[in-house]
Amino acid sequence: LVETVHLALVELVKNSYDADATEVQIIFNDDAKGKTQITVIDNGTGMNFEAVQNYWMKIATTNKTEKKNSAVFGRPLTGAKGIGRFACRRLGGNLKLITLGTKDGKSLGTQKALEKTEVLFPWTEFEPGTEVTNIRCEGDKKTVSNANTGTTLIINDINEEWTQKGLDWLKRQLAVLAANRGQKRRGFIEDPGFNVKLIASEVTGEIRDFRESLINAGWGTITASINNEHKAVLELDAKGIGNRRLTSKMKFPHLKDVSMKVAIMVDEKDQLRDKSILSLG
């Protein structure tokens with residue numbers, strides 16, 4: 001199911017989306033030995049110890065197919081195959097899981113009391129012919145106070161399969177997830193949206209905010225705001241046109257600190273400003 005490292009990384013981001021995270025950071029950097037490691041950090045609901053034991057450490061659980069929606073924002077769940085831990089294995093030989101969640105698993109942000117669980121998974125010891133239940137995964141659990149919910153995955157012994165074509169595909173997939181600007185679903189807290197940030201200058205030569213990248217990838221963008229004179233200022237930045245600016249003669253004295261940014265998308269590929277982020281599909 002996880003054919004490439006690029007697909008594996010997308011699966012981990014989908015897990016963060018399903019955990020009601022509003023932002024995920026993907027960081028490529030060097031570990032203590034000078035080798036590349038991947039760190040995925042989200043600010044979602046995290047997991048309590050029971051969830052780690054019953055879901056993360058069991059294969060093909062049915063909790064996502066039974067729940068349908070995330071606990072806090074009611075997002076339709078993107079992952080249903082239970083392959084998150086396999087995605088980690090596809091990316092590298094060792095995983096450190098650090099997760100903080102409440103007892104009920106339905107709270108976000110700073111909490112008075114959280115269950116913190118850390119587990120080390122030595123994937124290289126899961127060899128053909130071995131009993132998986134006999135392989136020891138060192139771990140620790142404790143209660144912490146005044147901390148934030150969320151999950152961090154630190155992956156070492158990285159598989160060196162990163163290609164430019166694969167990275168471009170990865171960017172497009174992450175941009176689609178970051179397109180969620182939020183909405184209110186009946187019976188749930190209003191969803192503020194979801195964003196992905198890639199901090200990977202050594203791998204991709206860039207640091208990228210995917211929501212902003214998606215907005216800027218189309219034919220053009222229109223931004224509008226109210227200036228200090230209470231006049232409306234409109235700016236167009238578009239392919240083949242460049243920058244155009246217009247300020248209204250009319251004043252809007254009741255408006256202040258109001259702004260918008262609109263992405264203009266077209267159905268002609270040669271009119272896209274960044275094809276590595278946006279495809280017609």
Side-chain angles (χ1 to χ4, degrees), residues 1 7-26 40-88 97-117 146-153 170 172-198 209-215 260-263 265 281:
L1 289 174
L7 176 59
L9 197 49
V10 170
E11 287 297 327
L12 296 184
V13 175
K14 286 182 178 180
N15 280 355
S16 297
Y17 180 86
D18 290 348
D20 288 312
T22 59
E23 182 176 287
V24 177
Q25 291 186 21
I26 303 169
V40 181
I41 306 171
D42 73 45
N43 62 350
T45 53
M47 292 179 283
N48 55 32
F49 177 75
E50 182 182 8
V52 173
Q53 192 173 41
N54 292 340
Y55 302 135
W56 182 270
M57 298 188 72
K58 287 188 178 178
I59 297 170
T61 52
T62 59
N63 60 308
K64 283 192 176 183
T65 55
E66 292 169 353
K67 288 196 302 183
K68 303 294 184 183
N69 297 91
S70 64
V72 180
F73 301 136
R75 293 171 177 169
L77 299 182
T78 60
K81 302 179 184 72
I83 59 175
R85 79 280 298 152
F86 297 124
C88 291
L97 166 70
I98 306 169
T99 186
L100 292 91
T102 57
K103 284 187 177 297
D104 64 3
K106 298 179 180 180
S107 299
L108 281 172
T110 305
Q111 305 293 319
K112 291 183 178 179
L114 287 172
E115 291 185 15
K116 181 178 182 180
T117 306
N146 298 318
N148 294 319
T149 60
T151 298
T152 297
L153 304 171
L170 172 66
R172 290 193 291 270
Q173 296 298 310
L174 296 179
V176 170
L177 288 170
N180 174 17
R181 288 288 286 156
Q183 69 180 91
K184 181 72 173 74
R185 301 177 183 90
R186 183 177 297 178
F188 296 94
I189 295 174
E190 184 170 354
D191 187 348
F194 182 74
N195 197 12
V196 184
K197 293 185 177 179
L198 177 65
D209 179 318
F210 278 94
R211 180 180 293 162
E212 194 68 19
S213 296
L214 182 66
I215 289 172
M260 74 171 186
K261 188 169 187 177
V262 178
M265 303 299 179

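- Across all non-hydrogen atoms, the minimal contact from A71 to G105 is CB-O, 4.2 Å.
- To the nearest 0.5 angstrom, N54 atom CG is 11.5 Å from M47 atom CE.
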query = Could you go step by step and tell me if T117 and L97 meet the side-chain contact (heavy atoms from CB on, under 4.5 Å) rule?
reply = CA-CA 8 Å; T117 306; L97 166 70; 5.9 Å; no
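- A distance of 7.5 Å separates OG1 of T78 from CD of E11, quoted to the nearest 0.5 Å.
- No side-chain donor-acceptor contact under 3.5 Å links D20 and T45.
- The side-chain contact (heavy atoms from CB on, under 4.5 Å) with V40 is formed by just one residue from the set N15, V24, T151; it is V24.
- Contact annotation: the side chain of F73 approaches that of T22 to within less than 4.5 Å [non-hydrogen atoms, C-beta and beyond].
- To the nearest 0.5 Å, the span separating CG on L153 from CG on L12 amounts to 6.0 Å.
- The OG1 atom of T99 lies 7.5 Å from the CG atom of D42; values are rounded to the nearest 0.5 Å.
- The shortest side-chain heavy-atom distance between N69 and L77 does not fall under the 4.5 Å cut-off.
- Counting only heavy atoms from C-beta outward, the side chains of R185 and S70 never approach each other to under 4.5 Å.
- Between L114 and T149, some side-chain heavy-atom pair lies under the 4.5 Å cut-off.
- Q173 has its side chain out of reach of V13: every pair of non-hydrogen atoms, C-beta onward, lies at least 4.5 Å apart.
- Under the rule for a salt bridge (charged side-chain N to carboxylate O under 4.0 Å, His left out), K106 has no partner lying at least two apart in sequence or in another chain.
- For K184, there are no salt bridge (charged side-chain N to carboxylate O under 4.0 Å, His left out) partners, not counting sequence neighbours.
- Nearest heavy-atom pair, L108 versus G44, reported as atom, atom and distance to 0.1 Å: CD2-C, 3.2 Å.
- Under a 3.5 Å cut-off, the side chain of N48 and the backbone N or O of E115 do not form any donor-acceptor pair.
- Using a 4.5 Å cut-off on side-chain heavy atoms (C-beta onward), N43 and N148 make no contact.
- Qualifying salt bridge (charged side-chain N to carboxylate O under 4.0 Å, His left out) partners for R75, counting only residues two or more places apart in sequence or in other chains: D191.
- Here the CE-CD1 distance, from M265 to I215, works out to 7.5 Å after rounding to the nearest 0.5 Å.
- The line from CZ of F194 to CG of D18 is 9.0 Å long, rounded to the nearest 0.5 Å.
- Using a 4.5 Å heavy-atom cutoff, the side chains of E212 and K261 are in contact.
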